[in-house]
Amino acid sequence: MASLTDQKDLVPYLPGLMPGLMEILVDPVPEARSTSAKSLGIMVAKLGEINFPDLIQELVRMLRDNISSVDRSGAAQGLSEILSGLDISRMEGLLPEILANTQSPKATTREGFTTMLIYLPATFGLRFKPYLPKVLSPVLNGLADDSEYVRDASLRAGQIIITNYSDQAVNLLLPELQRGIFEPSWRIRQSSAQLMGDLLFNLIGITVKLDAEEADEEEAAPVAAESSRKALLEILGQERRDSVLAGLTSFVPTPLPRYDRLPLPSGSSLSATPPYPQRDHTRHHVQYSPLHYFAGG
């Protein structure tokens, strides 16, 4: 409606429309949240921020509040869509506050504003490229956060950045990820190695990853074809390619203990296999190895 009608025709109906849109923005269904966020972005762009005087601050407040992750995700997506429809200076003015809150003492606040770094690159596209140097450091730092939710949001943000900017910003992304592989925090090392693999695959156009439980080295070998190694050599050059692969070779992950295999105290009646689902921590470390593809295994 905002696209097809004059501003003066729709503005009188905003008080009746906004509560429904805000309710759908925090819906459990991701598609519903996405539709509401895009609708808000279009309406603010067409009708002007002046007709939504408190909307942006309300969404920022939601990112800080101790509400559900779904609500914060909806607020982040809605705010990103709104900012993308306004002048770029509006996002520039808000970006320092976003980055500062990724270091908040509250884990829920860190998660909320880190989630913004997932949606901003997706909504702004290439317009967000100049701001990547400011964003990469908080994303990598978030990979070592004490909160699993913040770590997951940071990893998703890194993957979105790589997917959107691998070709245009390789000179910026590669050095940061290479440094990350040698960070003291094992979480940063692990996630940097995973993101490095994503980046290399994107550069040569490979999107399918092999799971360690579904493919062994013999099955991965055909994928590491000579054409892939030549493509990487052409893109990065001999010196940089060798430096990248050398860094990955030095990355030796240490699998976490499997708690269902720990010895039980003598006389214990507990089952060796807990009655709840177990997360296989070892799988998280060895999902795939870029070396199989680019260094011949």
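This is a predicted model, so every value here is computed, not measured. Only this structure's heavy atoms are used, side chains among them; waters, hydrogens and symmetry mates stay out. Residue numbers start at 1 and run along the sequence shown.
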Between [X] and [Y]: side-chain donor-acceptor atoms closer than 3.5 Å:
{"X": "Asp71", "Y": "Ser68", "answer": "yes"}
{"X": "Ser147", "Y": "Glu111", "answer": "no"}
{"X": "Ser89", "Y": "Asp87", "answer": "yes"}
{"X": "Tyr119", "Y": "Glu81", "answer": "no"}
{"X": "Asn66", "Y": "Arg72", "answer": "no"}
{"X": "Ser243", "Y": "Gln178", "answer": "yes"}

Is there a side-chain contact between [X] and [Y] in this structure, where contact means two heavy atoms from C-beta onward sitting under 4.5 Å apart?
{"X": "Asn101", "Y": "Thr114", "value": "no"}
{"X": "Gln238", "Y": "Asp242", "value": "yes"}
{"X": "Met91", "Y": "Leu95", "value": "yes"}
{"X": "Leu86", "Y": "Ile56", "value": "yes"}
{"X": "Ile160", "Y": "Leu120", "value": "no"}
{"X": "Ile88", "Y": "Tyr131", "value": "yes"}
{"X": "Phe52", "Y": "Ile82", "value": "no"}
{"X": "Thr123", "Y": "Leu83", "value": "no"}

Give the minimum heavy-atom separation between [X] and [Y], together with the two atoms involved.
{"X": "Leu117", "Y": "Pro138", "answer": "CD1-CB, 4.4 Å"}
{"X": "Gly112", "Y": "Leu63", "answer": "O-CD2, 3.6 Å"}
{"X": "Ser192", "Y": "Leu140", "answer": "OG-CD2, 4.2 Å"}

For [X], does the [atom1] atom have more than 12 heavy-atom neighbours from other residues, nucleotides or ligands under 6.0 Å away?
{"X": "Lys106", "atom1": "NZ", "answer": "yes"}
{"X": "Arg187", "atom1": "CZ", "answer": "yes"}
{"X": "Tyr149", "atom1": "OH", "answer": "no"}

Taking atom [atom1] of [X] and atom [atom2] of [Y], what is their separation to the nearest 0.5 Å?
{"X": "Thr102", "Y": "Ile98", "atom1": "OG1", "atom2": "CD1", "answer": "9.5 Å"}
{"X": "Ser80", "Y": "Leu40", "atom1": "OG", "atom2": "CG", "answer": "12.0 Å"}
{"X": "Ser166", "Y": "Ile161", "atom1": "OG", "atom2": "CD1", "answer": "12.0 Å"}
{"X": "Arg241", "Y": "Lys230", "atom1": "CZ", "atom2": "NZ", "answer": "12.0 Å"}
{"X": "Arg189", "Y": "Leu143", "atom1": "CZ", "atom2": "CG", "answer": "12.5 Å"}

* **Salt-bridge present (Glu92, Lys134; N to O < 4.0 Å)** => no
* So Met22 and Leu55, side chain to side chain contact (heavy atoms under 4.5 Å, CB included) or not? Walk me through it. -> CA-CA 10 Å; Met22 293 300 290; Leu55 180 57; 3.8 Å; yes
* Going through the distances and angles, do Glu176 and Ser137 end up as a side chain to side chain contact (heavy atoms under 4.5 Å, CB included)? -> CA-CA 8 Å; Glu176 291 293 335; Ser137 181; 5.7 Å; no
* Sequence neighbours left out, what pairs pass side chain to side chain donor-acceptor pair (under 3.5 Å) with at least one residue falling in residues 13-37? => Ser34-Gln77
* To do: Go through Asn171 and Arg240 one step at a time and tell me if the side chain to side chain donor-acceptor pair (under 3.5 Å) criterion holds.
  => CA-CA 10 Å; Asn171 291 333; Arg240 174 172 283 186; 2.8 Å; yes
* To do: Group every Ile, Leu, Val, Met, Phe, Trp and Tyr by side-chain heavy-atom contacts under 4.5 Å, then state whether Met62 and Val44 land in the same group.
  => yes
